[in-house]
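What follows is one structure encoded as structure tokens, with my remarks underneath.
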Amino acid sequence: MKQADGRTGVAVVGSGRAGMIHARNFAAGIEGARLVAMVDPVAAAREAALEQLGGARGYADYREALADPAVDAVVVVTPTAFHREIVVAAAGAGKHVLCEKPMAMTEDECAAMIAACDRAGVKLQLGFMRRFARDFVEAKAAVDAGAIGEVVLVKSHTRGPSVPQPWMYDIARSNGPLAEVNSHDIDTLRWFAGDDFAEVYAIGGNYRCPQARAEHPDFYDNVAMTVRFRRGAQGMIDGAQGVGYAYDARLEVVGTHGVLLAGALHASSVVVCGSDSRLVSPAVKSWRDLFSDAYRAEDRAFVRCVREGGPPTPGGRDGLEAVRAVNAGNRSIATGQPVKLEERA
Ligand SMILES: NC(=O)c1ccc[n+]([C@@H]2O[C@H](COP(=O)([O-])OP(=O)(O)OC[C@H]3O[C@@H](n4cnc5c(N)ncnc54)[C@H](O)[C@@H]3O)[C@@H](O)[C@H]2O)c1
């Protein structure tokens, strides 16, 4: 479907931190697309967004955007608990979907989203933007070319400066940092190993949020998870919130005859060495800066896929497998036991 001017009309649902990244990208110009609408039930958030975006229509309810014939595709960037409802409705209205990670709260919700998009014949792409980040793409090409031999271990970590919001303290409601922070690492592990998780073992603890300890003894702000893949390779993830030093996302892949490193704490290659003989270099402050090019590439890939056809990558199955891994990790933390993931038909 295309609008009269030949471009794909896009609505962004959710005008928060991540929503505004996509909205600004589409407003600034993604080839073949234009931003048509911005949805947010909070009037102040919606109006502030529209002021920056020039020309987009504002809707309080996503159903109004789905009824707008100028909208061909939606980017779903609401809190995760709303993803299933909005994606299923969007598919029912015949709109293509780019859904932010985590895909949903449970595997069943993910399966319902995939089924709805398949039934409607619309695209469902998942917001794992690291798959579009230049360093990660180059690293994957090197691994695929055999530069380090067979993959033995994939290790990925994400430690963020954001202090957890109080609603995240309830793991049943938020799925915890494994979902909000480490979904990206889970996807990176699957992408580099080219395989699914067979078993996980995770430990978590609350080291930085004393105010949450009494009411939410299960809350963790630091997690370490080991992984066994189906074909036998190994994985390791660690994640943290409120780290107070930088945004730290790095990858290491150990092969049968080599190792590959990607990502850096450095925000630039500039290093200053003064008369005190200390090296000083700026660190990455936020995922917004580190991955700004990746979000643009992700949005471009989505529009290309909608306009030219072909399967979206990463797609619904990638989102579902990440949610399964999150829930298995949380079960492991709660029980203190390794958790097996059954092979899906
Ligand atoms: N890919 C990434 O790196 C990345 C980064 C940050 C967040 N995210 C994901 O994006 C999603 C949003 O996170 P955020 O940090 O932007 O949240 P946020 O709290 O900053 O913003 C969410 C916005 O959605 C709005 N909203 C709530 N319910 C809505 C509804 N039913 N319809 C439309 N809008 C609604 C809220 O009013 C708010 O403005 C989450 O799933 C999060 O995990 C992904």
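Positions are given from 1, in the same order as the sequence printed here. Just follow the structure's listing: the first ligand is 1, and inside any ligand the first atom is 1.
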When you compare ligand 1 with Lys101, is there at least one nitrogen or oxygen pair between them that comes in under 3.5 angstrom? yes

Could you identify the single nearest non-hydrogen protein atom to atom 34 (N) of ligand 1 and state the distance to 0.1 Å? Pro41 CD, 3.2 Å

Heavy-atom distance to atom 42 (C) of ligand 1: which of Met38, Glu180, His22 wins? Glu180

May I ask whether Gln165 places a heavy atom under 4.0 Å from ligand 1? no

What atoms of ligand 1 come within less than 4.0 Å of a heavy atom belonging to Val13? 32 (N), 33 (C)

Within 4.0 Å of some non-hydrogen atom of Phe82, the atoms of ligand 1 are 28 (N)

Atom 19 (O) of ligand 1: any protein heavy atom closer than 4.0 Å: no

Atom OG1 of Thr188 and atom NZ of Lys155: how far apart are they, to the nearest 0.5 Å? 14.5 Å

Leu178 CG to Ile237 CD1 distance, which is reported to the nearest 0.5 Å: 7.5 Å

Any N or O of Met129 that comes nearer than 3.5 Å to an N or O of ligand 1? no

Decide if atom CZ of Arg288 counts as having more than 12 heavy atoms of other residues, nucleotides or ligands within a radius under 6.0 Å. yes

Carboxylate-amine/guanidinium contact Lys101 Asp318, below 4.0 Å: no

Hey, are Arg57 and Asp68 close enough for a salt bridge, meaning a charged N less than 4.0 Å from a carboxylate O? yes

Please list the nearest protein heavy atom to atom 1 (N) of ligand 1 with its residue and the distance rounded to 0.1 Å. Glu100 OE1, 2.8 Å

With heavy atoms of Gly127 as the reference, note each atom of ligand 1 found under 4.0 Å away. 1 (N)

Have a look at Pro79, Ala65, Ala49, Ala18 and point out the one with the heavy atom closest to atom 24 (O) of ligand 1. Pro79

Any idea which protein heavy atom is nearest atom 17 (O) of ligand 1, and the distance to it? Arg17 N, 4.5 Å

SB check Arg296 Asp299 (cutoff 4.0 Å): no

Pairwise side-chain contact, Gln125 with Glu298, heavy-atom cut-off 4.5 Å (strictly under): yes

No-hydrogen, no-angle side-chain donor-acceptor test under 3.5 Å, Thr158 and Arg130: yes

Between Arg317 and Glu321, does any NZ, NE, NH1 or NH2 come within less than 4.0 Å of an OD or OE carboxylate oxygen? yes

Please indicate whether any nitrogen or oxygen in Tyr62 is less than 3.5 Å from any nitrogen or oxygen in ligand 1. no

Among protein heavy atoms, which lies nearest atom 39 (O) of ligand 1, and at what distance? Asp40 OD2, 2.6 Å

For atom 12 (C) of ligand 1, the closest protein heavy atom turns out to be Val77 O, 3.3 Å

Quick one: does Tyr295 get a heavy atom under 4.0 Å from ligand 1? yes

Checking heavy-atom distances from atom 41 (O) of ligand 1 to each of Val181, Asn175, Val12, Thr80, the winner is Thr80

Which ligand 1 atoms are under 4.0 Å away from a heavy-atom of His184? 1 (N), 2 (C), 3 (O)

Which ligand 1 atoms does His83 reach within 4.0 Å, using its non-hydrogen atoms? 41 (O)

If we check side-chain contact (heavy atoms from CB on, under 4.5 Å) with Thr80, which of these qualifies: Glu109, Arg173, Glu100, Glu180? Glu180

Side-chain H-bond candidate by donor/acceptor type, Asp170 with His216, under 3.5 Å: no

Nearest protein heavy-atom contact for atom 21 (O) of ligand 1: which residue, which atom, what distance? Gly16 CA, 3.1 Å

Shortest protein heavy-atom distance from atom 11 (C) of ligand 1, along with the residue and atom involved: Thr78 O, 3.2 Å

Applying the side-chain hydrogen bond (donor to acceptor under 3.5 Å, both in side chains) test to Asp196, which of Arg190, Arg324, Arg230 qualifies? Arg190

